[in-house]
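A short write-up of the structure that comes next.
Source: prediction; values computed, not measured. A note on names: the letters A, B, ... follow the listed sequences, proteins ahead of strands, and every chain is numbered from 1.
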Amino acid sequence: MGQRIIFHIDVNSAYLSWEAVYRLQHGNPVDLREIPSVVGGDPTTRHGIVLTKSIPAKKFKIQTGETLYSALSKYPELVIAKPNYLLYRQCSQALGNILKEYSPLIQQFSIDEYFLDFTQMKNLFGDPVKTAYRIKNRIKEELGFTVNIGISTNKLLAKMASEFEKPDKVHTLFPQEIPTKMWPLPIEELFMVGRATTRKLRSRGIQTIGDLAHCDVRLLLPSLKSFGRLVWNYANGIENSPIKPGGRINIKGMGNSTTMSFDVDDRQKAHLVLLSLVETVSARLRQDHSQSCLIAISFRTNEFLSYSHQRKLSHTTDCTNEIWEIACQLFDELWQGQPLRHMGVRVSDLCQDDFVQLSLFEKDYTKLRKLDQAVDSIRSRFGSQSIIRSSYLHSGLHSMTGGVIEEEDYPMMSSIL
DNA sequence: TCTGGGGTCCTAGGACCC
DNA sequence: TCTGGGGTCCTAGGACCC
């Protein structure tokens, strides 16, 4: 097989750009991309971190993941927009629809990133770099936001290329360009090298991606194990995974978690939070026609210590009440009374629900499954708040947490999208 | 740190079996 | 048992990504 040609398409400051375009289309004259601004949560409910920053905000050293409090201390006039996940999904899909016109082989890598395999499309569209410019400009004209496109012979190099100068740029990083364009970069800019790995590499005198590429890989194995081989390969531009079209068909697990607006310190309230998480997780399971046989819960205390506990089941389930019962058992086994700030539920070991075996030894959940189906159907017609359990009425908690987004809360995008 | 929420993969150690 | 080695499964935690 000859050289592949891979594009990586990355939306510049995605959440913020999308919010900026939305506001412009709705008559707001201020372009958030041109002023110091961020998309972030609400500090009064303890969701106060920066999710995305504008390029002018970056000039004030405001960083993704830092608290809004800290960001405001760097620039008090900072404009803060609330996240709007339905909008993001629509923008992401609109982007995918344009990319599909340029290759049938596209992979959505995250809400704001796609890979596109251009190898077979050269004959149809001609020069890859010129085509990338056309794609980039089309997205800007038709959707109103800018992207970076990175071009190379594999996904890793294409992704590294799209990280070069932003915004609204096309970059190449072909293998022969690695020494000049990638090796001078600091080690933490390599994909998959995070904080912990940076620390380990630095302690061995490895400062740049080039240092890593040129070191003896055996130097890395004791502390980094097989991960050392992976990042060494990446530093040398070695990577050959295929574009996986279809995206989320092979989903391995699904979970919901939430930081509560107040510390939870009684068992009953904790169980109620678990139920609200299980409601959305199990609804997603059923919507995907999946069942799970591994249930896990997790929590974080007010001292920021994290714990998790899981159980493998002898059968599979998608039943709200059954998953909730197990989640509560797991919680009770793990919790020692600490005040909790964050809780999560996750299901994995998924399988399709078409050959489900009803266990003779477990409680009979047939009736409960019928109830789940009825509730799902009512919620899909009338919204997720149309049926809630009475236990939530005076609890100060939401009846469904995470995952499901209330479509009716948001107006549709204008005709441009 | 006044520190989100959705994922994936890897590893170490223990249980259990032959 | 003062016991060997290999394989598999399970669990908790940690690393990374966006």
List every contact pair, protein side and nucleotides 16-18 of chain C side both N or O, where the distance is under 3.5 Å.
| from | atom 1 | to | atom 2 | distance (Å) |
| --- | --- | --- | --- | --- |
| C:dC16 | OP1 | A:Gly194 | N | 3.2 |
| C:dC16 | OP1 | A:Gly194 | O | 3.3 |
| C:dC16 | OP1 | A:Arg195 | N | 3.4 |
| C:dC16 | OP1 | A:Ala196 | N | 3.1 |
| C:dC16 | OP1 | A:Thr197 | N | 2.8 |
| C:dC16 | OP1 | A:Thr197 | OG1 | 2.9 |
| C:dC16 | OP2 | A:Ala196 | N | 3.3 |
| C:dC16 | O3' | A:Met192 | O | 3.4 |
| C:dC17 | OP1 | A:Met192 | N | 3.2 |
| C:dC18 | OP1 | A:Lys159 | NZ | 3.1 |
| C:dC18 | O3' | A:Ser110 | OG | 3.0 |
| C:dC18 | O3' | A:Asp112 | OD1 | 2.8 |
| C:dC18 | O3' | A:Glu113 | OE2 | 2.8 |

Taking atom [atom2] of [N] as reference, at what distance in whole Å does atom [atom1] of [X] sit?
X: A:Lys200; N: C:dA15; atom1: NZ; atom2: P; value: 6 Å
X: A:Glu66; N: B:dG4; atom1: CD; atom2: P; value: 13 Å
X: A:Arg311; N: C:dT11; atom1: CZ; atom2: C1'; value: 11 Å
X: A:Asp349; N: B:dT8; atom1: CG; atom2: P; value: 12 Å
X: A:His47; N: B:dG5; atom1: NE2; atom2: P; value: 4 Å

Which part of the nucleic acid does [X] contact within heavy-atom distance under 4.0 Å: base, sugar-phosphate only, or nothing?
X: A:Gly255; value: sugar-phosphate
X: A:Ser226; value: sugar-phosphate
X: A:Arg199; value: nothing
X: A:Thr64; value: nothing

With C1' as the reference atom in both, quote the distance from C:dG4 to B:dC16 in angstrom, rounded to an integer.
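Taking atom C1' in both C:dG4 and B:dC16, they lie 16 Å apart.
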
Do A:Ser276 and A:His398 have side chains that approach each other closer than 4.5 Å (heavy atoms only, starting at C-beta)?
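Side-chain contact under 4.5 Å: no.
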
Using side-chain heavy atoms (C-beta onward) and a distance below 4.5 Å, is A:Thr153 in contact with A:Pro175?
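Heavy-atom side-chain distance check passes, below 4.5 Å.
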
DNA chain B-proximal residues of residues 49-56 of chain A, any heavy atom under 4.0 Å
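Residues of residues 49-56 of chain A under 4.0 Å from DNA chain B: A:Ile49, A:Leu51.
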
A:Thr146 versus A:Asn12, side-chain donor and acceptor atoms under 3.5 Å:
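The answer is yes; a qualifying pair exists.
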
Is the ring centre of A:His271 less than 6.0 Å from the ring centre of A:Trp324?
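No; A:Trp324 has its ring centre 6.0 Å or more from that of A:His271.
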
Between A:Tyr88 and A:Tyr15, is the gap from one ring center to the other below 6.0 Å?
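So the answer is yes for these two rings.
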
Per A:Lys312 side chain, nearest of listed nucleotides B:dG6, B:dG4, C:dC10:
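In terms of side-chain proximity for A:Lys312, the closest of B:dG6, B:dG4, C:dC10 is C:dC10.
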
When you measure from the side chain of A:Arg341, which nucleotide among C:dG13, B:dG4, B:dG6 comes out closest?
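Closest of the options to the side chain of A:Arg341: B:dG4.
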
Nearest-nucleotide wise, let me know which of A:Arg300 and A:Gly65 is further upstream toward the 5' end of DNA chain B.
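Upstream on the strand: A:Gly65.
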
Applying ring pair (Phe, Tyr, Trp, His ring centres under 6.0 Å), name anything that partners A:Phe118, two or more places apart in sequence or on another chain.
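Only A:Phe7 meet the ring pair (Phe, Tyr, Trp, His ring centres under 6.0 Å) criterion with A:Phe118.
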
Ring pair (Phe, Tyr, Trp, His ring centres under 6.0 Å) involving A:His309 - partner list, sequence neighbours excluded:
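A:His309 satisfies ring pair (Phe, Tyr, Trp, His ring centres under 6.0 Å) with no residue once adjacent residues are dropped.
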
Please list every stem that involves DNA chain C, where a stem is a run of 3 or more consecutive Watson-Crick or G-U wobble pairs with both pairing distances under 3.5 Å.
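Output for stems: B:5-18 with C:5-18.
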
Tell me every residue that passes side chain to side chain contact (heavy atoms under 4.5 Å, CB included) with A:Phe60, counting only those two or more places apart in sequence or in another chain.
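For A:Phe60, the residues satisfying side chain to side chain contact (heavy atoms under 4.5 Å, CB included) (neighbours in sequence not counted) are A:Pro36, A:Ile62, A:Tyr75.
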
Derivation of the salt bridge (charged side-chain N to carboxylate O under 4.0 Å, His left out) call for A:Lys166 and A:Glu163:
CA-CA 7 Å; A:Lys166 298 170 183 177; A:Glu163 295 293 313; 3.5 Å; yes

Considering residues, nucleotides and ligands other than A:Gln176, do more than 12 of their heavy atoms fall under 6.0 Å from its CD?
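Enclosed.
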
